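Notes to accompany the following structure.
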Amino acid sequence: MTRRQLDKAYDPKAVEDRWSQEWLARGYFHASPEQPGQPYCIVIPPPNVTGSLHVGHALNHSLQDILIRWRRMQGRNTLWLPGTDHAGIATQNVVEKQLMTEGLSRESLRRKRFVERVWQWKATSGGTIVNQQKQLGESCDWDRLRFTMDEGLSKAVLEVFVRLYEDGLIYRGERLINWCPRCLTALSDIEVEHEEVTGKLYHIRYPLVDDPNTSLIVATTRPETMLGDTAVAVHPDDPRYRHLIGKKVRLPLTTREIPILGDSILVDLEFGTGAVKITPAHDFNDFEAGERHKLPIISILTARAEMDGIGLREAQADASLNLVLKPVQKARAIVVEALAERGYLVKTEDHKMAIGKCYRCKTVIEPYLSPQWFVKIKPLAEPAIKVVEDRRIRIVPESWVNNYLGWMRDIKDWCISRQIWWGHQIPVWYCTNCNQEHILKTGHAVGATAEHGMLPDIAKWNFTIAQEAKPIVARTKPARCPVCHSQELLRDPDVLDTWFSSALWPFSTLGWPDQTPELKTYYPTSTLVTGLDILFFWVARMIMMGLKFMGDVPFKDVYIHALVRDAEGQKMSKSKGNVIDPLHVMEQFGTDALRFTLASMASPGRDIKLAEERIEGYRNFANKIWNAARFSLMYLDGPRTALPPMQRTFPDRWILSRLNQTIHAVTTELESYRFDRAATVLYQFIWREYCDWYLELIKPVLQTPEHPDGASTRHTLLETLETTMRLLHPFMPFITEEIWQTIPHQGDSIVVQNYPAANDAWDAPDAERYFMLLEQTVGLVRTGRVLLNYPPGQQIPFHVGHDDPDRQNQLHQLQRHLAHLSRGTAEVSPSHDWQAARLLRLVTEGLSVGIAVADDVDLKKAIDRLAKQITDTDKEFQRVEGKLKNAEFVSKAPPDVITEHQERVQTLSRDRALLADSERQLRAMLAV
RNA sequence: GGGCGGAUAGCUCAGUUGGAAGAGCGCUGCCCUUACAAGGCAGAGGUCACAGGUUCAAUCCCUGUUCCGCCUACCA
């Protein structure tokens, strides 16, 4: 039995690569429906396939790996299913940027070659994040790696689209939607980020047609859109204006006249001037008002948010303004200037407002009128609300439940079409014959993204498919039009929102729509771990789709963790340069240190402020563990005997009892997703109890050859170390495996060992009581040693005693340990028997320690300390006694509380007397 | 505008059936004591944001205020 000696310090690099490869080679993470055990499944929130691991992933994945490794060790049939997301807009943007550096564009490549190009990019960069995940030690079943655009997942997407359409839950409609003028695509409501800015509110005078000397003054934040106004609204109850309803105003900078109408929904009497311009094409509220009053819609912006020539003609705008193809900002300046010059601008004031920005590229979004595909969401949302209300899905922390419910109850239809090329193309075709009038050749519209390569001959131009066109929705391309049998079918050029496919993730990855064994075994999955930023994007939609297509919830628990910020609490971003790169950190401090740090900081309801010093601290923790193992290995040679716990030595019984408490606590905390508390408990046990006390307590036995307790102690040492490694393994997989492999063990890998289960036979409350007395006593002696400036190595004689005879007796039994840990010779005797001269006496809670004072010792520190403690004791005495003197306290507080207070008062007063006595003695010595 | 969360040691944070304030890091002092200086031992440091209320008793429960976050919303 030759055992490898461990290096003096833990070197993560030497360990991590080796084990992550070995684990994969041995297939420990591969799951199978045939395996025994209750299934436990997590699907990973798929990161962007072309992304790389950032610290947010590191947190998210570390927590999942902790759960997965824990459940695997508990014997569950565990599947952690990894994968990546095609991230339509984001990925397309990345590739377009690449093309730009080559002087190319997606339009120049055309759709087919562009999409090929994106696949190439995916092929070269797609492995990056997966390899980084493996580096983090993630115990995913990599054989089941999925990608949202895989064949199987794409099949699921088509199936869902067609079935939702057949159920009347998908429709196409021309609506005002959120449009990103840079990405040139529609966005859903939640893909718009709102940002508070101080803008300007412009007051503009619109003269009455009948009476040009009278004007209506409207207020707007977007003066350039006034060219597209088709009415002005006032409140029907507004005495200032109501007589004007039905009259007309002349729209400045145009030759048009527009009506004044009354609208109590749009107009707020209190705000601005009380008159509102209505621009149905460029404002959501105005659009609705336009529908109410059947107003014409004049769109004056292009898809790129430039002033549109056709629109301006329709608006009869003054051509001399030269606005065509001017971007919005520039157009605004021109319009404002023209209004001012011509006397229409009344005033301009600062105004706080929120502007919407594209969540992918931060460009200001525009409301844009175009035909789009929508999911009718209410029928899907209702059951998704119910399952959370009924707690069939548990959201942790629970404070997010209301947030979820509030959003779901107020949910709007989901715009799912995107005018980009990278993604799942919508499975809809149009017969070009039947829809001749509805497929419009145009250079000006939303559908302009379709182009030659992918389309039938007939469609070799840019086009718009009007709302009236009749779609043929099918899983595969229909051979011919069912009405006219034409074979000239044009596929809808749009692709689906990426989140449409990720909404299916918990079942599409398991094989749906096929009824696979995986699907039957692992659905519903157990836990979803995610950041709150995608609660609505992803979690809510998975719940809706899971209920709709699987008839059951997609997961039972949703654990929502916080965002990782920098040490100052700032959001990390590349532009701020405050990004902590997890790979760099892993290189520097070790993967286990990073994982443990993230786990220990994952307190619910709080963002994580991550500073490198924290990670360094847990690097030190890893080193501490390493050295504890090293120590153990040095002394493990020799026979080992397993005695029943009751027959073991006091230190052994104590540490087993503590270990059992720790196992219990870690398990309970993990069950309630308190990773932070589980980590703290482990840290405290290993460092503060196991290393600081247990290993010190057993040194005399281990270092004495042929010690009668040797064999049993060595057994306990190994047993507790091995158990602790298993307990810690989900948090720090690498170092625990390395140590476990080095110490005597049975089995191939710690990965597949049992997780420690609480064992009540290990509980030893008596040993724990003894220990507390021991700790208190040793602490007092050490304090006295410092006060008297005795060096740590110097052996000192000291007395110990206790007011309580039971405790006094316990001190007798602990005498050997007291002497060893205090480095001296301990004499246990009642404190009143001690010779008072030349003795520093320290007292706390009835426990007295007396240390001989040498001739040349400076007593000032000791006297100060005694004085301070006396003062503190007095304060506490008065406080407690004050309560006892309060008649109401004595009559109303529970008896045990009163008794406890009475005992405390007595102890305090006795302590005080002894302390004061000691102080007098020392002062007397000083005076000599 | 609405909703939610937070305010506890210098910093980051724990702290549930209300009953003597905790950890880590940092700081101070002493130690290279044969597992570990990435360490050991000891120590300093807190009217628990503010003001009321309930209670014998409040960091904890209630109300209000202030200051930070976040989510959400069409106030032109």
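Here the structure is a predicted model, which is why all the values come from computation and not from measurement. Just the heavy atoms: all of them, side chains too, but no hydrogens, waters or symmetry mates, feed the values below. Throughout, a chain's letter reflects where its sequence line sits, starting with A, and its residues are numbered from 1.
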Q: Determine: side-chain N/O of Tyr635(A) to OP1/OP2 of rA35(B), distance under 4.0 Å, yes or no.
A: yes
(Q) Does rG24(B) have OP1 or OP2 under 4.0 Å away from a side-chain N or O of Arg614(A)? (A) no
(Q) Within the 4.0 Å heavy-atom criterion, would you say Arg677(A) contacts the bases, only the backbone, or no part of the nucleic acid? (A) sugar-phosphate
**Q.** Glu900(A): partners by salt bridge (Lys or Arg N to Asp or Glu O under 4.0 Å), with sequence neighbours left out
**A.** Arg904(A)
(Q) Is the phosphate of rC36(B) approached by Arg630(A) (side-chain N or O, under 4.0 Å from OP1 or OP2)? (A) yes
Q: Would you sketch RNA chain B in dot-bracket for me? Only Watson-Crick or G-U wobble pairs with both distances under 3.5 Å count, crossing pairs as [ ], other-strand pairs as |, the rest as dots.
A: (((((((..((((.....[..)))).(((((.......))))).....(((((..]....))))))))))))....
Q. OP1 or OP2 of rG24(B) sitting under 4.0 Å from any side-chain N/O of Arg688(A)?
A. yes
Q) Between rG43(B), rA44(B), rC74(B), which one does the side chain of Asn285(A) approach most closely? A) rC74(B)
Q.
Just to verify, what does Arg823(A) make a salt bridge (Lys or Arg N to Asp or Glu O under 4.0 Å) with, not counting sequence neighbours?
A. none
Q. Which pairs, with at least one residue in residues 400-410 of chain A and sequence neighbours excluded, count as a salt bridge (Lys or Arg N to Asp or Glu O under 4.0 Å)?
A. Glu389(A)-Arg409(A)
Q) When all nucleic acid strands are considered with a 4.0 Å heavy-atom cut-off, which category describes Val218(A): base, sugar-phosphate, or nothing? A) nothing
Q. Roughly, in whole Å, what's the span from OH in Tyr690(A) to P in rG39(B)?
A. 19 Å
Q: Could you check whether the rings of Phe621(A) and Phe596(A) sit parallel, tilted or perpendicular, using 30° and 60° as the cut-offs?
A: tilted
Q. Restricting to pairs with a member in residues 224-234 of chain A, which pass salt bridge (Lys or Arg N to Asp or Glu O under 4.0 Å), not counting sequence neighbours?
A. Arg222(A)-Glu224(A), Glu224(A)-Arg332(A), Asp229(A)-Lys277(A)
(Q) Any donor-acceptor pair under 3.5 Å linking the side-chain atoms of Glu191(A) with those of Tyr359(A)? (A) yes
(Q) For a quick test of reading the model: is some side-chain N or O of Arg619(A) closer than 4.0 Å to OP1 or OP2 of rC25(B)? (A) no
Q | Pairwise C1' distance, rC36(B) and rU12(B) [rounded to whole Å] | A | 26 Å
Protein-nucleic acid N or O pairs under 3.5 Å, nucleotides 4-8 of chain B:
unit_1, atom_1, unit_2, atom_2, d
rG5(B), O2', Gly605(A), O, 3.3
rG6(B), O3', Arg606(A), NH2, 3.2
rA7(B), OP1, Arg606(A), NH2, 3.2

Q.
Test: salt bridge (Lys or Arg N to Asp or Glu O under 4.0 Å). Region: residues 616-634 of chain A. Which pairs qualify, not counting sequence neighbours?
A. Glu616(A)-Arg619(A)
Q) Counting only side-chain N and O atoms of Trp687(A), is one of them less than 4.0 Å from OP1 or OP2 of rG40(B)? A) yes
Q: Answer yes or no: is there an ion pair linking Asp238(A) with Arg240(A), defined by an N-O contact shorter than 4.0 Å?
A: yes
**Q.** Sugar-phosphate, base or nothing in reach of Pro792(A), heavy atoms under 4.0 Å
**A.** base
Could you go over nucleotides 17-20 of chain B and give all protein N or O partners under 3.5 Å, atom names and distances?
unit_1, atom_1, unit_2, atom_2, d
rA20(B), OP2, Arg904(A), NH1, 3.4
rA20(B), N3, Glu876(A), OE2, 3.2
rA20(B), N3, Arg904(A), NE, 3.1

Q: Spell out yes or no: do the side chain of Glu696(A) and the base of rA35(B) have one donor N/O and one acceptor N/O closer than 3.5 Å?
A: yes
Scan the side chains in residues 677-687 of chain A for donor-acceptor partners under 3.5 Å anywhere in the protein, sequence neighbours excluded, and list what turns up.
unit_1, atom_1, unit_2, atom_2, d
Arg677(A), NE, Glu669(A), OE1, 3.3
Arg677(A), NE, Glu669(A), OE2, 3.4
Thr680(A), OG1, Asp676(A), O, 2.8

Q.
When you measure from the side-chain N and O atoms of Lys8(A) to the phosphate of rA37(B), is any distance below 4.0 Å, counting only OP1 and OP2?
A. yes
Q | Sub-6.0 Å ring centroid separation between His901(A) and Phe889(A) | A | yes
Q) Reckon Asp607(A) touches a base, only the sugar-phosphate, or nothing at all at heavy-atom distances under 4.0 Å? A) sugar-phosphate
Q.
Please enumerate all residues that pass salt bridge (Lys or Arg N to Asp or Glu O under 4.0 Å) together with Asp189(A), with sequence neighbours excluded.
A. none
Q. With sequence neighbours excluded, what pairs up with Asp350(A) under the side-chain contact (heavy atoms from CB on, under 4.5 Å) test?
A. Thr198(A), Lys200(A)
Q.
Counting only side-chain nitrogens and oxygens, does Arg782(A) get under 4.0 Å of the OP1 or OP2 atom of rA42(B)?
A. yes
Q. Can you list the residues that meet the salt bridge (Lys or Arg N to Asp or Glu O under 4.0 Å) rule with Asp11(A), with sequence neighbours excluded?
A. none
**Q.** Thr783(A) side chain near rG43(B) phosphate (N/O to OP1/OP2, under 4.0 Å)
**A.** yes
Q | Phosphate OP1/OP2 of rC56(B): any Ser891(A) side-chain N/O under 4.0 Å | A | no
Q. Is any side-chain nitrogen or oxygen of Lys352(A) closer than 4.0 Å to OP1 or OP2 of rC75(B)?
A. no
Q: Calculate the interatomic distance between Lys609(A) atom NZ and rA14(B) atom P; express it in whole Å.
A: 11 Å
